[in-house]
Amino acid sequence: MYVVVAGETVQPVGGAARRPADLAGAVGELEAAERPRWVWADAREAYPPLLERGVRVARCHDLALTEGLLLAHEGRYGEPRTARAAHARLHGLPVPEEQPSAPGTLFAPEPLGAEAMAEVLADQLGRIAALPEPGRFRLLVAAESAGALVAAEMSYDGMPWRRDVHDALLTDLLGPRPVHGMRPAKLQALADEVTAAFGHQVNPDSVQQLVKAFKAAGVALKTTRSWELKQIDHPAVAPLLAYKELARLFSFHGWVWADQWVRGGRFRPEYVVGGVVSGRWATNGGGALQIPKVMRRVVVADDGWVLVVADAAQLEPRVLAAMAGDGGLARAAGQIDLYSALAQSFGGERDNAKIAMLSAMYGGTSGDASKLLAVMRQRFPKAYQFVEDAAKAGEDGHLVRSWLGRTSPPPSARWKELVSGPEGTRAARDRGRFTRNFVVQGTAAEWALALLAVLRGLLPEPARMVFFQHDEVMVHCPIGQAEEVIAAVSEAAAEASRLLFGSTPVRFPMEAVAVDSYADAK
DNA sequence: AGACTAAGCGCC
DNA sequence: AAAGGGCGCTTAGTCT
C-alpha cells in the first residue's frame, strides 16, 4: 500500500485524504498497523520532522530521487527532478527550476498536493513498468529511497565525536587553539622554517610563491604536489611537507569545523543520496567522507556501547566478476582475498593482480598496466570485455548503465565539440575512462545501498547506523548487542548480493569488528 | 566586495 | 613510482 504524505495531509493512494491534528502521530500509528510504503516529494524535508517526534518508517518512495533516476535512464539527465517539476511536465505546465536552497527557506513554494503527488507516483510506476528490466529498476528505486531514510536517520542520530579527544589531538599536533585568524604555534613555526630555508618571506599556502621561491633556489617544479616535493633536495621541503599536512587538519577538521558540525557529542553531516553521478553518496558540508584517518580516534562509543565497523572487502572487482559473469574471476571472487586468489595468474604476484584489476576498472595505462591487462584479457576475457565495452560506449558518446539501471550523464555539448577537434582522441579516452568506471562504481554503490536497506531492517533497538562511506558502515550499539549486530551485517551482505545478482559464486565478505574507537577498527 | 577557478589533498 | 575513476573542501588568486 502506498500512502502519500503531502504537507500536513495523509492520503492512501485510492483512499480518502486526512488532515490529522498530529501528523507524526498519525504516521506512526499507520506505520505500526499497516507498514505502508510512504510516498513523499523529498525525504530530506518530510522525514526529519517525523524523526524529531520519534517516528521511524520502514519503507518509502522518494519522488524526487526516483524522478532523477528515471530522467537519467530516459536520456534526460539534468532536467529538474523535483516532484513539482515532474507534475508540471505531466500537465504541460512551465517546469520550475530546482531550488538549490536548503529546506525551510523563506521562499519555499507551497508543497505539492496529495492528488498531484499521487499522479506523479502513478506516472513513475508506469514509466518503470515500461523499462526493459523493470524488476531491477524497482529494486534500484527501493534502495535509493531506503538510502534517503538511512541518510536522514544518520544525520539525526549523528556519529559519536568526542570534542575533548579532538581538542587534545589538535593541541598535540598543532599547539593550543589560536585566536581567530592566527596560525597555531606549531604551524607557524613550520611556516617560519620554510621562510628561513628560502632566506625570505614565503607563504606556504601560496603555490605561486612556492614555485617562484624554488625557482630562485635553482629548483624547477611543475607543481607543488607533495610527491613531487619529496623528490627534491632542499631544506625547505621537510618543513613544507609537514606544514601542508598539519595545515589541512587545522583548516578542514580543526576547532572551527568542530564548532560548526559537532553538537552534543555527535557529528551530524548532511548526506546527499545519489549526490555522485555513479550513485555514491556525497555530503553537503562537514566533509564527512574525507575525515582523515588520524582523526578516527576521536570517534568513540558511548559508555557501555560499542561501534561495530564493517567494510566490504574488494567490493568493486567482486561486482565486476558478478556482472560480467566471468567464471574464472568469479571463482577467485569466491575467496576472502580476491587478489591472492588471482596472484597465480599474474606470475604469483598479488600486487600485479591488483594493478591489473584496478587498471581494468579505472582505465589505467601507466607502468606495467598494459602488460598486466594483456594477461587479464587472456585469463578473464569476459570481465575484460565487460569494462572494454563500457569504455567504448563512452568514447562513442553513448550512455552506460549500472547493473540496476542507473544511467550515466550524456556527453556535454562541450565534449561533442572537443571530440571532433584536435584534442578529440584525448576527450574520447577521458570519457571512456569515466564510463568504464561508472558501470563498476555504480553497481558497487547499488550493492552498498541494498546492504544499508537490509541492515537497517535487521538492527535491534536501540542500535543505530551512524556512518556510511561508500563501502563501509558503522553501527553504534550497546555492548551486549555487538554479536547480534555483527551477524546482522554479514546476513545483510549476503542478502544484498542475492538481491542484486541472485545466485552467484561471487562472495561479498563484509567483516565487522566491535571496537571502542573507530581508530581500532583497522 | 563577491563570484569564480585552480591547485592541492583528504576519503573511497 | 606517481598513472588511471569518483567526490568535497579550503586557500590563493583573478575577474567583474
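The chains referred to below are lettered A, B, ... by the order of the sequence lines, with proteins before strands, and numbering in each begins at 1.
No side-chain heavy atom of A:E446 sits less than 4.5 Å from a side-chain heavy atom of A:V319. Between A:R431 and A:L418 there is no side-chain heavy-atom pair separated by less than 4.5 Å. For the pair A:R266 and A:H476, the minimum side-chain heavy-atom distance is below 4.5 Å.
Here A:Q469 lies in heavy-atom contact (under 4.0 Å) with sugar-phosphate atoms only. Across all strands, A:R296 comes closer than 4.0 Å only to sugar-phosphate atoms, never to a base (heavy-atom distances). Across all strands shown, A:R433 has heavy atoms under 4.0 Å from sugar-phosphate atoms exclusively, and none from any base. In this structure, A:F252 reaches the bases: a heavy-atom distance under 4.0 Å links it to at least one base atom across the strands shown. Counting any heavy atom pair closer than 4.0 Å across all strands shown, A:V440 reaches no nucleic acid atom.
Ring geometry for A:H253 versus A:W257: interplanar angle over 60°, hence perpendicular rather than tilted (30 to 60°).
Computed from coordinates, the A:L358 CG to C:dG5 P distance equals 13 Å when rounded to whole Å. For the pair A:L373 CG and C:dG5 P, the computed distance is 14 Å after rounding to whole Å. Atom pair A:K244:NZ and C:dA12:P shows a separation of 13 Å (rounding to whole Å applied). Rounded to whole angstrom, the span from the CG atom of A:L249 across to the P atom of C:dT11 amounts to 14 Å. For A:R183 and C:dT10, the CZ to P distance is 17 Å, given to the nearest whole Å. Counting to the nearest Å, the P atom of C:dT11 and the NE2 atom of A:H253 are 13 Å from each other.
Pairs of residues two or more places apart, or lying in two chains, that qualify as ring-ring contact (aromatic ring centres under 6.0 Å, His included) and include a residue from residues 366-410 of chain A are A:W403-A:F501. Residue pairs meeting the salt bridge (Lys or Arg N to Asp or Glu O under 4.0 Å) criterion with at least one member in residues 510-519 of chain A, sequence neighbours excluded, do not occur.
Contacts between residues 282-294 of chain A and DNA chain B, defined by a heavy-atom separation below 4.0 Å, involve A:L289, A:Q290, A:I291, A:P292, A:K293, listed by number. Non-hydrogen atoms lying under 4.0 Å from DNA chain B are contributed by nothing in residues 383-398 of chain A. The stretch residues 223-232 of chain A touches DNA chain B through A:T223, A:T224, A:R225, A:S226, each having a heavy atom under 4.0 angstrom from the strand. Listed by residue number, A:V207 are the residues of residues 187-214 of chain A with a heavy-atom contact under 4.0 Å to DNA chain B.
Contacts of A:R177 classified as salt bridge (charged side-chain N to carboxylate O under 4.0 Å, His left out), with partners at least two apart in sequence or in another chain: A:D259. Listed by chain and residue number, nothing satisfies the ring pair (Phe, Tyr, Trp, His ring centres under 6.0 Å) test with A:Y362 (two or more places apart in sequence, or in another chain). Considering only residues two or more places apart in sequence or on other chains, A:A488 meets the side-chain contact (heavy atoms from CB on, under 4.5 Å) condition with A:L455, A:L458.
Nearest heavy atoms, A:W255 versus A:P184: CZ3-CG, 4.4 Å. Across all non-hydrogen atoms, the minimal contact from A:V466 to A:P160 is CG2-CD, 4.1 Å. Between A:A341 and A:Q335, the closest heavy-atom pair is CB-CG, 3.7 Å.
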Starting from the C-alpha separation in whole Å, work towards a yes-or-no answer on side chain to side chain donor-acceptor pair (under 3.5 Å) for A:Q314 and A:D337. CA-CA 8 Å; A:Q314 305 155 343; A:D337 185 353; 2.9 Å; yes
Extract all donor-acceptor atom pairs below 3.5 Å that involve side chains of residues 142-155 of chain A and protein atoms in other chains or at least two apart in sequence.
residue : atom : partner : partner atom : Å
A:E144  : OE1  : A:R406  : NH2          : 2.8
A:E144  : OE2  : A:R406  : NH1          : 3.2
A:S145  : OG   : A:D62   : N            : 3.1
A:S145  : OG   : A:V141  : O            : 2.9
A:E153  : OE1  : A:R456  : NE           : 3.0
A:E153  : OE2  : A:Y47   : OH           : 2.6
A:E153  : OE2  : A:R456  : NE           : 3.3
A:E153  : OE2  : A:R456  : NH2          : 2.6
A:S155  : OG   : A:A151  : O            : 3.3
A:S155  : OG   : A:P269  : O            : 2.7

Check: residues 292-300 of chain A side-chain donor-acceptor pairs under 3.5 Å, at least two apart:
none

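Nucleotides of DNA chain B with any atom under 4.0 Å from a heavy atom of chain A span, from 5' to 3', B:dA7 to B:dC12.
In terms of position along DNA chain C, the nucleotide closest to A:M361 lies nearer the 5' end than the nucleotide closest to the other residue of the pair A:S251 and A:M361.
Aromatic pair A:W161/A:F467: ring centres not closer than 6.0 Å.
Judged purely by distance below 3.5 Å, without hydrogens or angles, the side chains of A:D311 and A:Q469 never pair a donor atom with an acceptor atom.
Taking the 5.5 Å centre cut-off and the 30° plane limit, the aromatic side chain of A:Y362 is classed as stacked on C:dG5.
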